[in-house]
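A, B, ... follow the sequence lines: proteins, then strands. Residue 1 opens every chain. Just so you know, these numbers come straight off a predicted model, no measurement behind them.
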Amino acid sequence: EEEATTPARLLIEKQILNKYLVESRDIVVNYNIFNVGQSPAIDVHISDNSFSTEHFDVISGVLKVTVARLAPGTNITHTSVVRPKAGIWGRFNFTAGEVTYLVNEDSKDIQLGYTSEPGEGFIVSLKEFDRRFSPHVLDWSAFVVMTLPSLVIPFLLWFKSKSKYESIVSAKHANKKH
Amino acid sequence: GDDDENESLSLKASPDIDTFFLFTKPAQSTSELPAGKEVHFLVGFANKGTKDYVVDSMDASFRYAQDFSFHLQNFTAIAYNRVVKPKQEMTLAYQFFVSDAYSARPYGFTVNLFYRDVDGNHYLNAVFNETVSIVELDEGLDGETFFLYVFLAAVFVLVAVVAQQFFVSFSKKHISSSLSSLTSSSRSKTETGTSNPNDVDYDWLPEETLNSLNKSPKVRQSPRQRRVKRGTETGTSNPNDVDYDWLPEETLNSLNKSPKVRQSPRQRRVKRGTGSADD
């Protein structure tokens, strides 16, 4: 091949890994960075400004990453955990993060790119989430208490009768022995 | 770049645009897609020109491998609506589900990317346009097979329970009939149905109860014998026709032992049954 090695080429996928987005609960954000070029990508900066500090807290990881060098044909994954603040719920558009890198070791021009967009998601309020997924311990215990009479009363009636006749039988056996 | 294959609109790829295609799931393979699984891929879009470009949408479709104009399945065209400025690039993500109804053979797979420049010229890039094979993953245990085995096991257990019930009742009948032939000769299987009008089956009583009933020294005649004799009596001689069989034995005994009543209700009834005038 007469063709020289092509410059570094990055594909960056931004994923939201949660199935449910819930107010005040963790949201896992995953960045997959693939270098599909033939040169190493140098000084890769990823900064995600789509999670504003007035709406989100960063729980774990950082939203600004620097990878010194990403060899051709390799990939790297970065994960952050953010959490919507209390009272933040409703439709939210997850937009792209920004990426800058040098396409090869000698490059001076900074290549600017954007990650993929996860798109719109709905952050459910904590109340709604609890209503659907909490174990409902209180509700079930109330149900148990309410069903008890219809089970216990017939049982007691039966048990009274049973113990009465069993005492008669045992008395008879005692008489027989004498 | 890739040529626009005989798409109805004669859209061409823009010379300013460079695209790149990468399957991320399944990660290793680029020509084998698993049936019944999700497929993810990324498309890189780089603007090398001097104008802004707007990426409108991207769609994917399975084609007939021998004739790419024959569509087998079209997947949703995802609208991106993202602006890419000159010298910038961006990544697009797309995912779809390969139905497990696909048989394992080659299919044509085409991904079309629709975009336009700021002047309103529309373009199309076939970012992927190759033949891929759909493969069936050989998984050890899928849900359907698992529940089939659970169902078979349940059927087996049910048959075992029914068989056990059958044998138990069969052997019990043998034991009780031989027992009754020892204790009361009058009760036998050959008696006519009409001679036992109540037709009470004592098989459910435990063995020791039957024995104690038969052995009871106070009552010479067991309730069973009584019943058989009563069967021969005329209906009118016992107008009340009260059946004392349901009473527990000790109640009957206490009634029999009662000094006030010389005759137990049972003896009375039996005598009445034979037509004697004691009553």
If you tally heavy-atom pairs under 4.5 Å against chain B, which of A/N32, A/D109, A/V36, A/L10 wins?
A/V36
Between chain A and each of B/T24, B/L42, B/V84, count heavy-atom pairs under 4.5 Å; write down the option with the most.
B/L42
Is B/D117 salt-bridged to B/K51, going by a charged N under 4.0 Å from an acidic O?
yes
ring-ring contact (aromatic ring centres under 6.0 Å, His included) partner of B/F45, the single match among B/Y123, B/Y115, B/F114, B/F20:
B/Y115
For chain B, which candidate among A/A96, A/P118, A/G113 shows the most heavy-atom pairs at distances under 4.5 Å?
A/G113
Between A/Y114, A/Y165, A/F34, which has the largest tally of heavy atom pairs under 4.5 Å with chain B?
A/Y114
Identify which part of B/D18 has an atom lying under 4.5 Å from any heavy atom of chain A, answering side chain, backbone, both or neither.
both
Minimal heavy-atom distance between A/K14 and A/D48, with the atoms involved, is NZ-OD2, 2.8 Å
Return the CD to CZ distance between B/Q95 and B/F75, rounded to the nearest 0.5 Å.
12.0 Å
salt_bridge(A/R9, B/E89) N-O dist < 4.0 Å
yes
Taken to the nearest 0.5 Å, the spacing of A/S107 OG from A/Y101 OH works out to 10.0 Å
Cut-off 4.5 Å, heavy atoms of chain A, and the answer for B/V43 is backbone
Please classify the contact of A/E98 with chain B as side chain, backbone, both or neither, using a heavy-atom distance under 4.5 Å.
neither
